[in-house]
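Notes to accompany the following structure.
All residue numbers refer to positions in the sequence shown, counting from 1.
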Amino acid sequence: MRNFAAGLVVLLSTLVAGCTGVPEGVEPVDDFTLDRYLGRWYEIARLDHSFERGLSRVTAEYSLRDDGGVKVVNRGFDAEHARWKESVGKAFFVGEPNVGHLKVSFFGPFYGSYVIFELDDDYRHAMISGPDRSYLWLLSRTPTVDDPVKKRFIQRAGELGFDTGALIFVDQSPLSTTD
């Protein structure tokens, strides 16, 4: 029984660690400054996942927590149900605080990888992956970006093996009075 329990602990540790890993070939930025990253970001593009499916006007707001972590508030508009959806989570650095690799949780003790693999010098645009190539986002400080930014994102993500043909470009247009 002791061997079973030890094996279970090793298995669970491996599964949890796998969720905070980095896709092969993807390198987190290594000159990251959290204070510059805090604040509101707009989701420009993403790969589809059930937790964001059908949402438009998606934003992510990052702020400091008292425990040294990062408070994460993701918000998006669900047009089908004419309501806003919001999720509040927490994030912590996986390693050194100057490396753009965090683990984020919206569901208790379960964490997923948040890998900032490209970030412009002015912290206006960020390219993010999860623990594998099924998670990908382009974030911006503004609700829209110029075509060269989108093209750079698509090119870079494609070079890294992400399915750029499956990208969803998020509607960030303001709500009308009929929404």
Side-chain angles (χ1 to χ4, degrees), residues 23 26-29 31-65 69-93 100-107 112-160 162-179:
V26 174
E27 295 289 329
V29 296
D31 57 350
F32 182 74
T33 305
L34 179 60
D35 287 344
R36 294 184 67 199
Y37 198 79
L38 298 175
R40 176 168 294 175
W41 289 85
Y42 294 87
E43 187 177 272
I44 303 301
R46 68 171 179 256
L47 289 177
D48 189 33
H49 283 282
S50 60
F51 55 86
E52 287 188 285
R53 190 161 293 136
L55 297 183
S56 61
R57 300 164 189 89
V58 179
T59 60
E61 186 89 28
Y62 304 101
S63 60
L64 287 178
R65 291 168 42 105
V70 178
K71 179 179 180 183
V72 181
V73 179
N74 289 343
R75 189 168 190 253
F77 188 74
D78 178 350
E80 183 179 337
H81 298 99
R83 64 183 171 113
W84 289 95
K85 292 177 99 177
E86 185 173 281
S87 295
V88 179
K90 57 189 174 185
F92 298 93
F93 285 99
H101 182 197
L102 294 93
K103 58 182 183 177
V104 64
S105 176
F106 292 94
F107 312 106
S113 208
Y114 182 95
V115 182
I116 305 162
F117 65 89
E118 193 158 314
L119 183 63
D120 70 313
D121 291 339
D122 295 327
Y123 284 62
R124 292 175 300 137
H125 308 110
M127 298 181 194
I128 315 298
S129 80
D132 59 43
R133 284 182 176 74
S134 67
Y135 297 91
L136 178 67
W137 295 271
L138 171 60
L139 303 182
S140 174
R141 293 293 189 176
T142 57
T144 60
V145 298
D146 295 331
D147 283 340
V149 173
K150 288 180 187 176
K151 287 178 183 174
R152 171 74 184 133
F153 173 65
I154 293 167
Q155 175 188 357
R156 182 76 175 118
E159 291 169 356
L160 291 171
F162 290 93
D163 182 3
T164 58
L167 284 170
I168 295 168
F169 286 88
V170 180
D171 177 9
Q172 287 289 355
S173 59
L175 288 174
S176 69
T177 56
T178 61
D179 284 340

Would you say [X] and [Y] make side-chain contact, with heavy atoms under 4.5 Å?
X	Y	answer
Trp41	Arg141	yes
Trp137	Glu52	yes
Val58	Arg46	yes
Leu167	Leu47	yes
Phe153	Leu136	yes
Phe51	Asn74	no
Val72	Phe106	yes
Val145	Phe169	no

Holding to side-chain hydrogen bond (donor to acceptor under 3.5 Å, both in side chains), I want the full list of residues that pass it with Asp146, two or more places apart in sequence or in another chain.
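None.
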Roughly how far apart are [X] [atom1] and [Y] [atom2], rounded to 0.5 Å?
X	Y	atom1	atom2	value
Leu139	Arg124	CG	CZ	14.0 Å
Thr164	Lys150	OG1	NZ	14.5 Å
Phe92	Arg65	CZ	CZ	4.5 Å
Ile168	Glu43	CD1	CD	8.5 Å
Thr59	Tyr42	OG1	OH	7.0 Å
Leu138	Arg152	CG	CZ	11.5 Å

Backbone N/O of Asp35 and side chain of Thr33: donor-acceptor pair under 3.5 Å
no
So, Asp171 side chain and Ser56 main chain: donor-acceptor pair closer than 3.5 Å or not?
no
More than 12 non-hydrogen atoms from neighbouring residues, nucleotides or ligands closer than 6.0 Å to CG on Asp122, yes or no?
yes
Considering all heavy atoms, the nearest [X]-[Y] contact:
X	Y	answer
Ala91	Leu102	CB-CD2, 4.1 Å
Thr142	Ile44	O-CD1, 3.7 Å
Pro28	Gly100	CB-O, 3.6 Å
Ser173	Arg57	O-NE, 2.6 Å

Answer yes when Asp163 and Arg133 have at least one side-chain N-carboxylate O distance shorter than 4.0 Å, and no when they do not.
no
Below 30° counts as parallel, above 60° as perpendicular, anything between as tilted: where do the rings of Tyr114 and Tyr37 land?
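If you compare the ring of Tyr114 with that of Tyr37, the planes turn out perpendicular.
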Applying the side chain to side chain contact (heavy atoms under 4.5 Å, CB included) criterion to Pro23, which one of Ser113, Ser129, Ser134 satisfies it?
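Exactly one candidate clears the test, Ser129.
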Per the salt bridge (Lys or Arg N to Asp or Glu O under 4.0 Å) rule, what does the pair list look like for residues 76-90, sequence neighbours excluded?
Arg75-Glu86
